[in-house]
Structures are given as structure tokens and as C-alpha cells.
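Sequence lines set the chain letters: A, B, ... in the order given, protein chains first and strands last, and positions in each chain run from 1.
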Amino acid sequence: MKLKFPAIVAAATMLAAPAMADLIVPNMSYRTGPYAANGIPYADGFADYFTLLNERDGGIGGQKVQVPECETAYNTEKGVECYEALKSQNPLVLNPLSTGITYQLIPKIGVDGITLYTPGYGRTSAKDGSVFEWVFNAPANYWDGASVAVKHILDQEGGDLTGSKIALVYHNSAYGKEPIRTLQELSKKHGFELSELPVDAPGQEQKSQWLQIRRDKPDYVIMYAWGVMNQVAIQEAVNIRFPMDKFIGIWWSGSENDVKPAGAGAEGYKALTFHGVGQEYPLYDDLKQYVYDAGKAAGAGDQTGTVLYSRGAYAALVIAEAIAKAQELAGTAEINAAQMRDGFEALDITAERMVELGLPDFGAPIQLSCENHGGDGLGRIQQWDAAAGQWNLITDFIEPDAEILDPLIKEDSQAYASEAGLTPRCN
Amino acid sequence: MDQLIFASEVMLNGLMTGVMYALVALGFVLIFKASGVFNYAQGVLALFAALTLVGIQNGQVPFAHLINAAFGTSLHHFGWTVPSILAVALTALVMVGLAFLIEKLVLQHLVGQEPIILFMATIGLAYFLEGLGDVMWGADIKTLDVGLPQGISESIESVTDSWFGYGYFIDRLDIWATVIAALLVAALVAFAQYTKQGRAMRAVADDHQAALSVGISLRFIWVMVWSIAGFVALVAGIMWGTKSGVQFSLSLIALKALPVLMLGGFTSIPGAIVGGLIIGVGEKLFEFAIGPMVGGATENWFAYVLALLFLVFRPQGLFGERIIERV
């Protein structure tokens, strides 16, 4: 039998492409390059959660979830290339795990009608759903993080920060600069002095910044870093003997990768988080039974239970719940991208639902609406136990300061609306 | 007065940082000097060396993920650890083996080609080695501990405190880096001046054709120079990897060497050291004095401004050889 070339191409395409009825949720990952150590656990957690749903429940609403992976290498240009390539597969939602890529995609997704989900990163003012129709950033954003950190410091200092000094060490990029405005407003409100110390990417050399911290002796240091900047900053803080329990990183500065190179010196370092830590959740029993033991784990299967693995799985969980809600609203399991967006806007993950999902008290309840695409922005503080080699949660969920944040978000989103010629919706 | 004391502390730290930059720049100089090739892969060599060192130290099974995927095994570690000194020696051997393979599989086929072709080959080599390192040892961040001390030198702190009423911060790792760099440069200079192989290396650097005509093996010299550059990369990888953990961004330290090379010249070992010191001190003092007025984060770009300024007056760099071509 002779096979003709077009027939071979057609057969190959059918094999490579997901079945038409499948739910497509791409995994925009970075398993290579300077940030691979962080990209891998997140991508594994994201993929493993959907594998669990497929294996245990037969997918969502009877539809299997396909998770095609595209390597961005945490590079904005490659991320946009991934977007263009994935677009043709009719994805329901994209989670690019990069603020730079997110900023590039925001104008595109509105035109293409694809939902962007950016938990804990991306453009903060995307919380305003009246302007950012297709972007969701629940459960928390960068400004929530800054506010929660200051609230924790207030709690540590008996509620008064008058005359205190707080230094912000940040990645000199769009991401790192995000909390500046918020912290400036909070410094006016609480009377602390804020110093801003940018570090150029990648951040392997930070001697100047830490010498300045040693001279200025701030009471607290807040850090917004990523990749190697985290490890170097924590080591430099150890070197100058800065008290680690007064050094607080955003959630992207709070993985095991960030603290382990500093060894015992990192004991007591704190970081924000918007989800639980470790593997002591019933969900992991199911993951073990249906994914790990079945040999279906993503990657090398060695990232289970790490902070970034948990975060990737949590992002997948929120997306899965939004898909289920979209199916419920649409009355069909075969939803499209517009219905997916509706599902996100009607998302309501309660504490009881988190128990049903096998993650009791893992994340704060998330309730979204047309106006609110970012949830309540609650965060917790975790602290590193170097001897045990694990993070421990040391606070309950803390609410951010809405009085400061809401006007800032409105101001920024309105500015974007004017610039992009958008008419706010949700009226 | 306080500002003067702070500035002197910044300057001392700048000198130490400059040594760290110079360690990376040295590898570039060695290869450029002997073959006229700008080795784009030097940063990746440092990464590969550090990954290999940690892998050997921890008894990690190379290519474990690949083996496990192919044979359904669950290999990770051999179950032993290797003492630091032995691990460094074994890694140095691996770097010699790598140099041999690079010469055999890449350079040998490009003899007589334009320098730009060799440069392009090193770009390919960089990406290949990065991928190989990933497949061999994994992409996770590894803690590197070869026994080098880190943290503030308390004796310097207390002495300066008694003199100036302010204790200077000097990182003990930086002090070690300075000592090691000094020993390394002395050894390299002695090797180049007083050994037969060193003289052959200099002859090749001066004139390939003339060296060949007197029976010097170009292939041997290339293997030797890449081996030495691999060893220098190992030292740089140890110093930088101790600071930040061994991770793939380690290859980006090459970016820190470029202004040093522009300033010190591509062909001078002392130039790499002096260039490193000038860049280190210059960028730190600029950040200290001017940084706060312009929002900080000036070091990356100021290093290049400084190098460009020197280039205007000495295009061949401070210690580079002036090339005069007669037509």
C-alpha cells in the first residue's frame, strides 16, 4: 500500500492535535535557561493536577483536559511566540508565569478572546474587571503582597511604624517596580521611611545594595526578586548579619530554591505566600495513587510538595474550578473561550469546597465578579526552618489594606482604559 | 568624614568584586591570546565546571533522568560523597577531557577559518554545553560547599572599628577569591614564561604559521589552552557558585567580564586583573556617589561606560597589543 504525503500529514496532524472536544489548557513553562529551577516545579505541579483530574475523574465534566506545553524560557519574545502558536489550538486560558509576557499579551487576548490567568503576578490593576475583561489575577497580586507585608510588620511592631525604616530591594524590572507606589502610600499612612534599592537583572552582584543596607540599618527589608537575585540577596543578608526574621520576600522570593544555598544562615527568613506549604493535604494521597505511582508525573517527578509545585497545582485547581463553573453556566461540557471567561467571573471557591478538593485551609476563599477579577488578596507569612529544611506558616491569612489599594488600582486601570480607548463595563 | 569612610569601604569591596570579575575574564584572555578566538562559551564553561563539581561531590548519577526514562529505573545518587579536593581534581580532569573533545570535534575542523567562524562555533558550543549540563546534572539549584568561608571578616571589622569608629564589611569569600586569583595569575605567568609548553603557547599566540613551521603542534596547544581555560572557569564557577548556588544563571557571569576585557585588553593576563579592579572599584564608587541621585542600579551600564571611555583613548585596551597592519 502506498501512502500519499497529504494523507501522512493529515494522520500526523490528527495524532499531534488534541481531540476536538478536549479542554485545552496550555502549560507555558520554562524548563530551560537561567530561571529553569523555578519554572520546572511550577510546570510539574500545573500538569500533575490536570493529570489527576483526567485519571481520577475522567477530566472535568466528562471532558479530558489536554495540557500542551510550550517552552518560553522566561523570555518575553519566546512567550509571545508560544501564544501565537497556541492560539490555533483554541486554548481556554493561558497562564504565562511571567509579568513581562503578561504585559505583552494583555492587548492581544482582548482581540483574540482568550482568558489570561496570572495568579500572584502580572499587571496588578487587572484586578479591575471593568477594564481588564479577559484577565484574572486572583487570589492575590503584587500590591496585596506589599500591603500584607507591611501589615505583618505592623503586627510585629505593636501597630506603630512611626519613624521606622523599611528598605525595598527589588528586581529592576516592571515586576520589581510594581510595589513601589503602594509602599510609598503606605509609608505616608504609617509614617515609616521607605528606601528603594533596585538591583539590575540577573542580580548576581548586589554588594552595593547590601553595603547600603548595612550603613542605613533599616528595621525591615522587603524584597521583590526572582531567580538568582533571591539566592544572592539572602546570602548577602546573612553576610552582613541582617536579622533574617526582619527580611520578608514576596511569594516569588520564597521557595526552597531561594533559601537552601545560604544553608543555616537563612534560618528565620520570611516570605509571603497565598497558599499552604508541604504535602500534608489529602490531595497528595490522590496524586500519589493516580499520578506518581502510575508513572504519570510530569518532569522527573522530584518536585512534589515544594512551594512552586504547590503554586502550579493551585493555579491548575483554580482554572479547573473555573472550567467547571463555565460548564455549569453554559449547560454543556464543551465550553469555548468566551464561556471560560464567564466561568472565571462567576468563580466561587469556598473554604468547604477547598476541603472537598483535598486542600483544607490551603488557599483563602476566592469569589470573583465582573468588577473584581483579583479576589480578596489575602496572604500569609511563611518562615524558613533551615534545620528541618522546610517552610512553616506562621500567620493566618492577612487582609491587604483596601483603603490604600482600591484607589490605586482604579487610578491605574482607568489610565489603561484611556490609553487603550476602552469603555469600562460591568454597569 | 563618615562619607569618606563609607567610600573607602565601598572602594575596598569594589576591588574584591573586581577580582571576581577578573577570574571570569582570565578564561577569555587565555583562549583569545592563543587562538584569536573570542570564546562565547566561557561563561557556560564556568557553569558546566561547577555543575560537574557538585555532581561529583554529591555522588550524583549523571544523565539520571535520561537513564530512568529509558530503562524505568529510579537512579539519582551513587550513595557516596567525594571530598572537595578530590572532586575539584576530578572536575579538572573532566575539563581537560572536554577540551580534548572540543578540539577534536569542533576546532580541528575549523583550522584556517576566519575568526568569526570560530566565534560562531563557540556560540554553538555554549548552547550545546548548557543543554548537556542540564541533561547530565539537572536544572535544580545546587548548594556548593568546598569549605570556603563566607560572611563578614570579624577581625577586619573590629580593627577598622577601633581605628575609625566604623567596622568595615569585607566578605571572607572575597578575600579567598583575591588570594586564589593572585596564585592563579602567578602560576599562569610562570607557566607562560618558564615552561616549554608555555613558551610554545606564546609562540602560537604571536604567530600561528611561524609556530607551526618550527614544529609546534597547534592541536596540542589548543587542547592545553582550552584545558587551562576550563580550569580557570572551574575556579570562577566555585567562587560565584559558592555565593549564589550552582544554577544556570551562572553562565551570565560572562557579561560581567566583557567590560573588563574591553578595558584591560583581550590579550593580557595582567590586563584582565587590572581591568577587573578598575571596573569593580569604578562601578561601586559610581553607585555609591551618583546612584542615589539617579535611582540606583547603575552598575551594569556604568561598567560599559567606563570601558568605552578607556577605549576612546586606548582602543587596544590598557594592556592589549597594538596591532599595526601594513599594506
Side-chain angles (χ1 to χ4, degrees), chain A residues 30-41 73 170-173 176-177 195-212 214-215 227-236 238-241 255-263 265 295 299-303 306, chain B residues 2 6 9-10 13-14 16-17 20-21 64-65 68-69 72 74 76 130-131 134 138-145 150-152 166-167 169 171-174 240-253 255-256 280 283-288 291-292 295-301:
Chain A
Y30 34 100
R31 296 182 181 277
T32 62
Y35 299 94
N38 290 342
I40 289 170
Y170 65 95
H171 196 267
N172 195 23
S173 63
K177 289 174 184 171
S195 56
E196 297 153 20
L197 301 170
V199 175
D200 270 331
Q204 279 160 326
E205 175 49 41
Q206 302 177 30
K207 196 73 85 194
S208 296
Q209 290 77 13
W210 288 94
L211 282 176
Q212 190 173 335
R214 188 167 176 267
R215 290 193 298 270
V228 69
M229 182 182 157
N230 281 322
Q231 293 91 41
V232 173
I234 292 169
Q235 183 61 57
E236 292 288 5
V238 173
N239 288 349
I240 68 162
R241 295 179 301 214
S255 77
E256 294 81 357
N257 289 334
D258 303 326
V259 281
K260 280 187 174 171
D302 56 355
Q303 301 292 333
T306 62
Chain B
D2 279 355
F6 292 154
E9 183 193 32
V10 167
N13 276 278
M16 302 282 184
T17 307
M20 296 284 275
Y21 296 163
H65 185 35
N68 294 340
S74 55
H76 291 291
E130 197 165 303
D134 186 357
D140 53 316
I141 298 172
K142 297 161 179 70
T143 304
L144 175 58
D145 183 6
Q150 276 201 91
I152 189 167
Y166 173 78
F169 172 85
D171 190 347
R172 285 181 294 165
L173 181 68
D174 288 345
W240 285 92
T242 301
K243 224 176 186 187
S244 63
V246 178
Q247 52 183 302
F248 278 72
S249 55
L250 202 61
S251 63
L252 302 177
I253 57 173
L255 296 175
K256 286 289 183 187
E283 67 174 26
K284 292 282 176 286
L285 280 178
F286 188 82
E287 175 69 24
F288 173 74
T298 61
E299 287 160 283
N300 273 9
W301 62 263

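- Listed here is the closest heavy atom pair of A:Pro261 and B:Ile141: CG-CG2, 3.8 Å.
- Taking both residues in full, the closest heavy atoms of B:Gly295 and A:Pro198 are given as O-CG, 3.0 Å, listed atom of the first, atom of the second, then distance.
- For chain B, the nearby parts of A:Ile240 are the backbone and the side chain; heavy atoms of each come within less than 4.5 Å.
- In terms of heavy-atom pairs under 4.5 Å with chain B, the best-connected choice from A:Ser208, A:Pro202, A:Gly227, A:Ala37 is A:Ser208.
- Each of B:Leu173, B:Asp171, B:Asp174 was evaluated against A:Asn239; a single residue qualifies, B:Asp171, per the side chain to side chain contact (heavy atoms under 4.5 Å, CB included) test.
- Considering only heavy-atom pairs separated by less than 4.5 Å from chain A, the leading option among B:Asp134, B:Asn300, B:Val10 is B:Asn300.
- Of the two parts of A:Glu256, neither the backbone nor the side chain holds a non-hydrogen atom closer than 4.5 Å to a non-hydrogen atom of chain B.
- Under 4.0 Å is where a charged nitrogen must lie from a carboxylate oxygen, and between A:Glu205 and B:Lys284 at least one such pair does.
- For A:Arg31, the part lying under 4.5 angstrom from a heavy atom of chain B is the backbone only.
- Heavy atoms of B:Gln150 lying under 4.5 Å from chain A belong to its backbone as well as its side chain.
- Proximity to chain A (any heavy atom under 4.5 Å) is shown, for B:Asn68, by neither the backbone nor the side chain.
- Using a 4.5 Å cut-off between heavy atoms, A:Asn257 contacts chain B through both its backbone and its side chain.
- Residue contact with chain A, scored on non-hydrogen atoms closer than 4.5 Å, involves the side chain of B:Lys256 exclusively.
- When heavy atoms are compared at a cutoff of 4.5 Å, A:Ala201 approaches chain B solely by way of its backbone atoms N, CA, C and O.
- Here the side chains of A:Ile40 and B:Asp140 are not in contact, with every heavy-atom distance at 4.5 Å or above.
- Closest non-hydrogen pair, A:Ala36 versus B:Ala139, comes out as CB-CB, 4.0 Å.
- Seen from the ring of B:Phe169, A:Arg214 does not count as a face-on cation partner, given the 6.0 Å and 45° thresholds.
- Both the backbone and the side chain of A:Val228 come within less than 4.5 Å of a heavy atom of chain B.
- To the nearest 0.5 Å, atom CD of residue A:Gln206 and atom OG of residue B:Ser244 are 10.0 Å apart.
- Residues B:Ile253 and A:Gln204 meet the side-chain proximity criterion, which asks for heavy atoms closer than 4.5 Å.
- Chain B forms more heavy-atom pairs under 4.5 Å with one residue of A:Lys260, A:Glu196, A:Arg241 than with any other, namely A:Arg241.
- A:Lys207 places none of its side-chain heavy atoms less than 4.5 Å from the side chain of B:Glu299.
- Using a 4.5 Å cut-off between heavy atoms, A:Gln212 does not touch chain B at all.
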